[in-house]
Amino acid sequence: MELKLTRPICFFDLETTGMDICKDRIVEISIFKVYPNGNKESRTWLVNPEMPIPAVTTAVHGITNEKVAGEPTFKELSHTIYNMIKDSDLAGYNSDRFDIPLLAEELLRAGLDFDMKSRVSVDVQTIFHKKEERTLSAAYRFYCNQTLENAHSAEADTMATYEILKGQLERYPDLENDIKSLSEFTTRKKSVDFAGFIVLDKDGEECFSFGKHKGVKVAKVLEAEPGYYGWIQNADFPLYTKKVLTAIKLRKLNTKVS
């Protein structure tokens with residue numbers, strides 16, 4: 001079953017130096033773009049992370065420091081990557097919790113203003129976990145009746161994710177072949193930032209999900225304790241979280257002025 005699209009969607013996968021969204025870097029990225037008219041394009045890049053790749057991570061994806069030493073940095077690739085995804089929805093495997101947040105950090109670090117306001121995301125892993133509870137390789141075998149070769153290669157994982165989603169649509173009649181509906185089905189919680197530090201409460205307003213102000217509306221905290229904003233900006237929070245918090249603060253100031 002082919003996807004019913006009203007705009008392009010980019011399936012992508014990252015191989016990285018580790019699992020810390022704030023500190024780790026991309027060493028390989030693969031993007032498979034599908035257009036509403038059925039056209040497709042695929043790009044894969046090795047990336048110099050400008051930091052050592054731990055041996056324990058190399059053991060997973062096979063990418064060594066020597067392999068990426070002569071490759072471009074993410075900043076050098078950032079405009080090409082941004083231009084490929086800027087008009088598209090996004091999809092991946094565990095992408096809502098890892099790949100999209102880390103990609104956002106890399107793009108913001110490179111000076112590109114990435115956000116999700118004009119797009120939706122589909123996390124194929126969430127569909128799989130809600131329906132079957134398995135791994136990517138098992139999902140590929142289950143839905144596509146094939147063995148996933150070169151697992152933990154960004155390109156192989158990206159293409160497998162695309163095929164799995166099509167297989168899921170074939171298998172589950174209750175899944176609507178519509179990217180917005182799939183995005184809603186795969187969204188685990190109503191977070192405003194990728195990391196989930198700022199979420200929407202029952203009134204649809206932003207509130208903090210951690211620390212001493214957990215469950216308290218962001219606007220109320222910023223008004224009562226202005227220094228809390230500065231603490232977050234100077235602490236080890238994701239750049240995207242800081243960007244979202246700044247937008248809330250500016251919106252609040254603009255509301256006061258008007």
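Scope of the values below: all heavy atoms of this structure, side chains included, with no hydrogens, waters or symmetry mates.
- Here Asn65 pairs with nothing under the side chain to side chain donor-acceptor pair (under 3.5 Å) rule; sequence neighbours left out.
- Note: Phe142 CZ to Ser137 OG = 15.0 Å, rounded to the nearest 0.5 Å.
- Atom CZ in Phe11 sits 12.0 Å away from atom OG in Ser42 (nearest 0.5 Å).
- Surrounding CG of Asn145 are at most 12 heavy atoms belonging to other residues, nucleotides or ligands under 6.0 Å away.
- Between Asp113 and Lys243, at least one side-chain N (NZ, or NE/NH1/NH2) sits under 4.0 Å from a carboxylate O, which counts as a salt bridge.
- Side-chain contact between Ile179 and Thr6 is absent, with no heavy-atom pair separated by less than 4.5 Å.
- Shown are Val124, Thr126, Val120; of these, the side-chain contact (heavy atoms from CB on, under 4.5 Å) with Thr186 is made only by Thr126.
- Cluster annotation: Ile81 and Tyr240 are assigned to the same hydrophobic cluster (Ile/Leu/Val/Met/Phe/Trp/Tyr, side-chain heavy-atom contacts under 4.5 Å, transitive).
- Legend: residues meeting side-chain contact (heavy atoms from CB on, under 4.5 Å) with Asp174, ordered by chain and number and at least two apart, are Lys131, Tyr172.
- Contact of the Asp99 side chain with the Leu90 side chain is not registered, since no non-hydrogen atoms from C-beta on lie closer than 4.5 Å.
- For residues 213-238, the ring-ring contact (aromatic ring centres under 6.0 Å, His included) pairs, not counting sequence neighbours, are Phe197-Phe237, Phe208-Tyr228, Phe210-Phe237, His213-Tyr228, Tyr228-Trp231, Trp231-Phe237.
- Counting only residues at least two apart or in different chains, salt bridge (Lys or Arg N to Asp or Glu O under 4.0 Å) contacts with residues 78-91 comprise Arg7-Asp89, Lys33-Asp87.
- For Ala154, the side-chain contact (heavy atoms from CB on, under 4.5 Å) partners are Asp13, Glu15, Glu28, Ser30, not counting sequence neighbours.
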Open item on the list: With side chain to side chain contact (heavy atoms under 4.5 Å, CB included) as the criterion, how do Ile85 and Phe114 come out once you've worked through the C-alpha distance, each side chain's angles and the decisive distance to 0.1 Å?
Closed with: CA-CA 10 Å; Ile85 69 172; Phe114 173 83; 3.9 Å; yes
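- Remark: the backbone N or O of Gly111 is not paired with any side-chain donor or acceptor of Lys75 at under 3.5 angstrom.
- Of the N and O atoms on the side chains of Asp193 and Thr241, at least one donor lies less than 3.5 Å from an acceptor on the other residue.
- Although no hydrogens or angles enter the test, the distance criterion places a donor-acceptor pair under 3.5 Å between the side chain of Glu106 and the main chain of Ile26.
- Applying the side-chain contact (heavy atoms from CB on, under 4.5 Å) test to Asp201 and every residue at least two apart in sequence or in another chain returns Asp203, Glu205, Cys207, Lys217.
- The shortest side-chain heavy-atom distance between Asp123 and Ile100 does not fall under the 4.5 Å cut-off.
- The salt bridge (Lys or Arg N to Asp or Glu O under 4.0 Å) analysis of residues 42-68, with sequence neighbours excluded, yields no pairs.
- Cluster annotation: Met19 is not connected to Val27 through the hydrophobic network of ILVMFWY side chains, with a link wherever side-chain heavy atoms come within less than 4.5 Å.
- Here Ile21 pairs with Phe98, Pro101, Glu105 under the side-chain contact (heavy atoms from CB on, under 4.5 Å) rule; sequence neighbours left out.
- The same ILVMFWY cluster, assembled from side-chain heavy atoms under 4.5 Å apart, contains both Met159 and Ile127.
- Taken from CD in Glu206 to CD1 in Ile198, the straight-line distance is 7.5 Å, to the nearest 0.5 Å.
- Among residues at least two apart or in separate chains, there is no ring-ring contact (aromatic ring centres under 6.0 Å, His included) pair with a member in residues 55-88.
- Annotation for Leu169 and Met1: closest pair CB-SD, 3.5 Å, computed over non-hydrogen atoms.
- At a threshold of 4.5 Å between non-hydrogen side-chain atoms, the residues Val199 and Ser191 count as touching.
- Atoms OG1 and CZ, on Thr147 and Arg141 in that order, are 6.5 Å from each other to the nearest 0.5 Å.
- Contact record, Glu223 with Pro226: O-CD, 4.0 Å, taken as the closest heavy-atom pair.
- A ring-ring contact (aromatic ring centres under 6.0 Å, His included) check over residues 14-34, counting only residues at least two apart or in different chains, returns the pairs Phe32-Tyr162.
- Within a 6.0 Å radius of NZ in Lys40, other residues, nucleotides and ligands contribute more than 12 heavy atoms.
- Looking at heavy atoms from C-beta onward, Leu182 lies in side-chain contact with Leu165 at the 4.5 angstrom threshold.
- The list of salt bridge (Lys or Arg N to Asp or Glu O under 4.0 Å) pairs with a residue in residues 145-167, not counting sequence neighbours, reads Glu2-Lys166, Glu163-Lys166.
- Once rounded to the nearest 0.5 Å, the distance linking CD of Gln233 with NZ of Lys249 reads 8.0 Å.
- Side-chain heavy atoms closer than 4.5 Å link hydrophobic residues (I, L, V, M, F, W, Y) into clusters, and following such links, even through other members, never connects Leu103 to Ile63.
- Between Trp45 and Leu77 the shortest heavy-atom distance is CD1-CD2, 3.6 Å.
- The stretch residues 224-240 participates, sequence neighbours left out, in these salt bridge (Lys or Arg N to Asp or Glu O under 4.0 Å) pairs: Lys23-Asp236, Lys212-Glu225.
- When every heavy atom of Ala139 is checked against every heavy atom of Ile164, the shortest pair comes out as CB-CD1, 3.7 Å.
- Minimum heavy-atom separation, Gln168 to Leu175: O-CD1, 3.9 Å.
- For the pair Thr57 and Asp24, the minimum side-chain heavy-atom distance is 4.5 Å or more.
- The shortest side-chain heavy-atom distance between Ile248 and Arg251 falls under the 4.5 Å cut-off.
- Taking CD1 of Ile31 as the start and OG1 of Thr158 as the end, the distance is 8.5 Å to the nearest 0.5 Å.
- In terms of heavy-atom proximity, Leu5 sits nearest to Val34 at CD1-O, 3.6 Å.
- Checked by atom type, the side-chain pair Glu170/Tyr143 shows no donor-acceptor distance below 3.5 Å.
- With hydrophobic clusters built from ILVMFWY side chains whose heavy atoms lie under 4.5 angstrom apart, Leu107 shares a cluster with Val192.
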